[in-house]
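Both backbone and side-chain heavy atoms feed into the values below; hydrogens, waters and symmetry mates do not. Just so we're clear, the structure is a prediction, and the values are computed from it rather than from any experiment.
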Amino acid sequence: MDDTKEQKKESKELFAASRRLEWSAPFRWLKMGWQDYREAQSLSMAYGLFFAVAGLLLSSIVMRYSSTIFLFSMGVFFILLGPLLAFGLYDIPRQIEHGEKPTLKHSLWQIRNSAPNQWIFAVVVFVIALIWMRAATIIHVFYPEGAEPSLEELLTFFAVGSSVGAAFLGLVFGISAFSLPMMVDRKVDAISASLSSLSAVMNNMGVCALWAFIIFALVAVGFATAFLGLIVVLPLIGYATWHGYEDVME
């Protein structure tokens, strides 16, 4: 009975409270993530190898059959598939913390068990992406009409476009930064987890901006190495994100 009351109490909370982070936090997450990678090296490399091979195949397909519709379809595919793969990654450090040996079977079970929240989150991100695309189309209407636009006109256009793009990018990062590991750990719904993540990011904007830059830099290294770097980079980011969630959420 007490457990039932506690679950009902938790379900009424719109979002979880967050802690204030130190500037060194992202680097500590990476250090802990690297320890997880080494402890579950075979499983981590398997996930990373999947990402690397998928990246190589998709890039070759895009280069061969490049079209706007195809690129849009691939974007939708990644938006829908991404959360599925992320849930499997977050389960690995969770198993380690519980004193268990991480297994692919348990990781895949977590993906299946969390499917409803995954799809809800994917739909939310997809809707934001559609609105973002629509906003970009509207902004393009204001591109200078003259054959030789002045520097001031171009700078104004790019400033507006960059500001709108940064706002949408910040929103997507905000709702996804810590929401997925929260769904794995606390079994909360996708909306509550997204709002909790956004609240935590807004409470630590400087540190989270640093974390976003680190993620961008690591992924860039992964792409620059012909996707081979993704074998290490993406699992590492996933594990570090798990520790970031544990660090920031009360």
Side-chain angles (χ1 to χ4, degrees), residues 3 6-7 10-11 15-19 21 24-55 78 80-122 125 175-190 192-194 196-197 200-201 208 211 214-215 218-219 222 229-250:
D3 292 341
E6 185 65 25
Q7 289 175 0
E10 290 180 0
S11 65
F15 56 86
S18 59
R19 305 184 184 94
L21 297 171
S24 59
F27 302 101
R28 185 172 65 254
W29 304 342
L30 287 172
K31 181 180 179 180
M32 297 171 71
W34 178 243
Q35 292 173 350
D36 292 334
Y37 189 99
R38 295 182 63 183
E39 187 161 346
Q41 188 169 350
S42 298
L43 187 54
S44 301
M45 291 184 67
Y47 264 104
L49 186 61
F50 173 82
F51 291 125
V53 172
F78 273 112
L80 296 177
L81 185 61
L84 289 170
L85 299 175
F87 271 89
L89 277 176
Y90 300 142
D91 187 58
I92 294 174
R94 187 168 183 259
Q95 291 180 65
I96 293 175
E97 289 178 0
H98 289 176
E100 303 170 358
K101 180 178 176 58
T103 63
L104 180 60
K105 180 180 179 180
H106 193 282
S107 183
L108 294 177
W109 174 86
Q110 182 62 63
I111 292 176
R112 179 182 177 184
N113 189 50
S114 304
N117 276 330
Q118 296 166 16
W119 296 121
I120 292 173
F121 180 82
V125 175
I175 66 173
S176 60
F178 307 110
S179 57
L180 297 179
M182 185 177 183
M183 286 183 240
V184 171
D185 188 43
R186 305 190 186 187
K187 309 303 180 184
V188 299
D189 63 274
S192 296
S194 297
S196 298
S197 176
V201 170
C208 288
W211 176 231
I214 291 173
I215 292 174
L218 289 174
V219 172
L230 297 182
I231 297 175
V232 174
V233 165
L234 290 185
L236 176 61
I237 292 174
Y239 302 157
T241 299
W242 170 264
H243 295 293
Y245 149 73
E246 290 190 313
D247 202 7
V248 74
M249 292 298 181
E250 292 187 352

*Asks:* Nearest heavy-atom pair of Pro235 and Leu89: which atoms, and what distance?
*Replies:* CA-CD2, 4.0 Å

*Asks:* What is the minimum heavy-atom distance between Ala16 and Met249, and which atoms define it?
*Replies:* CB-SD, 4.3 Å

*Asks:* What residues, two or more places apart in sequence or in another chain, satisfy ring-ring contact (aromatic ring centres under 6.0 Å, His included) together with Tyr245?
*Replies:* Trp242

*Asks:* Of all residues at least two apart in sequence or in a different chain, which pass the side chain to side chain donor-acceptor pair (under 3.5 Å) check with Ser196?
*Replies:* none

*Asks:* According to side chain to side chain donor-acceptor pair (under 3.5 Å), who are the partners of Ser107, at least two apart in sequence or on a separate chain?
*Replies:* Tyr47

*Asks:* Can you list everything that forms a side-chain contact (heavy atoms from CB on, under 4.5 Å) with Ala240? Sequence neighbours excluded, please.
*Replies:*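 Once residues adjacent in sequence are excluded, the partners of Ala240 under the side-chain contact (heavy atoms from CB on, under 4.5 Å) criterion are Trp29, Leu30, Trp211.
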
*Asks:* Between side-chain atoms of residues 32-40 and protein atoms elsewhere (two or more places apart, or another chain), which donor-acceptor pairs fall under 3.5 Å?
*Replies:*
| from | atom 1 | to | atom 2 | distance (Å) |
| --- | --- | --- | --- | --- |
| Asp36 | OD2 | His243 | NE2 | 2.5 |
| Tyr37 | OH | Ile231 | O | 3.0 |

*Asks:* Could you list the residues that satisfy salt bridge (charged side-chain N to carboxylate O under 4.0 Å, His left out) with Arg28, not counting sequence neighbours?
*Replies:* Asp247

*Asks:* In Å and rounded to the nearest 0.5 Å, what is the OG to CG distance from Ser42 to Leu104?
*Replies:*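 CG of Leu104 is found 11.5 Å from OG of Ser42.
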
*Asks:* For Pro102 and Gln95, which heavy atoms make the closest approach, and how far apart are they?
*Replies:*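 Answer, listing the atom of Pro102 first, then Gln95: CA-OE1, 3.2 Å.
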
*Asks:* Closest heavy-atom contact between Ile175 and Phe121?
*Replies:* O-CE1, 3.6 Å

*Asks:* With heavy-atom distances below 4.5 Å as the criterion, would you say the side chains of Asp91 and Trp109 are in contact?
*Replies:* no

*Asks:* Around atom NZ of Lys187, are there more than 12 heavy atoms of other residues, nucleotides or ligands at under 6.0 Å?
*Replies:* yes

*Asks:* Distance check, rounded to the nearest 0.5 Å: Arg94 atom CZ versus Glu246 atom CD?
*Replies:* 9.5 Å

*Asks:* Supply the atom-to-atom distance Leu230 CG to Phe51 CZ, rounded to the nearest 0.5 angstrom.
*Replies:* 9.0 Å

*Asks:* Does the pair Ser18 and Phe178 meet the rule for a side chain to side chain contact (heavy atoms under 4.5 Å, CB included), with working shown?
*Replies:* CA-CA 11 Å; Ser18 59; Phe178 307 110; over 6 Å; no

*Asks:* Let me confirm one number: the CD1-SG distance from Ile214 to Cys208, rounded to the nearest 0.5 Å.
*Replies:* 11.0 Å

*Asks:* Between atom OH of Tyr90 and atom CG of Asp185, what is the distance when rounded to the nearest 0.5 Å?
*Replies:* 12.5 Å

*Asks:* In Å and rounded to the nearest 0.5 Å, what is the OG1 to CG distance from Thr241 to Leu236?
*Replies:* 9.0 Å

*Asks:* List the atom of Ala193, the atom of Met183, and the distance in Å for their closest heavy-atom pair.
*Replies:*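 Minimum heavy-atom separation between Ala193 and Met183: CB-CG, 3.7 Å.
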
*Asks:* Are any non-hydrogen side-chain atoms of Ile237 and Val219 less than 4.5 angstrom apart?
*Replies:* yes

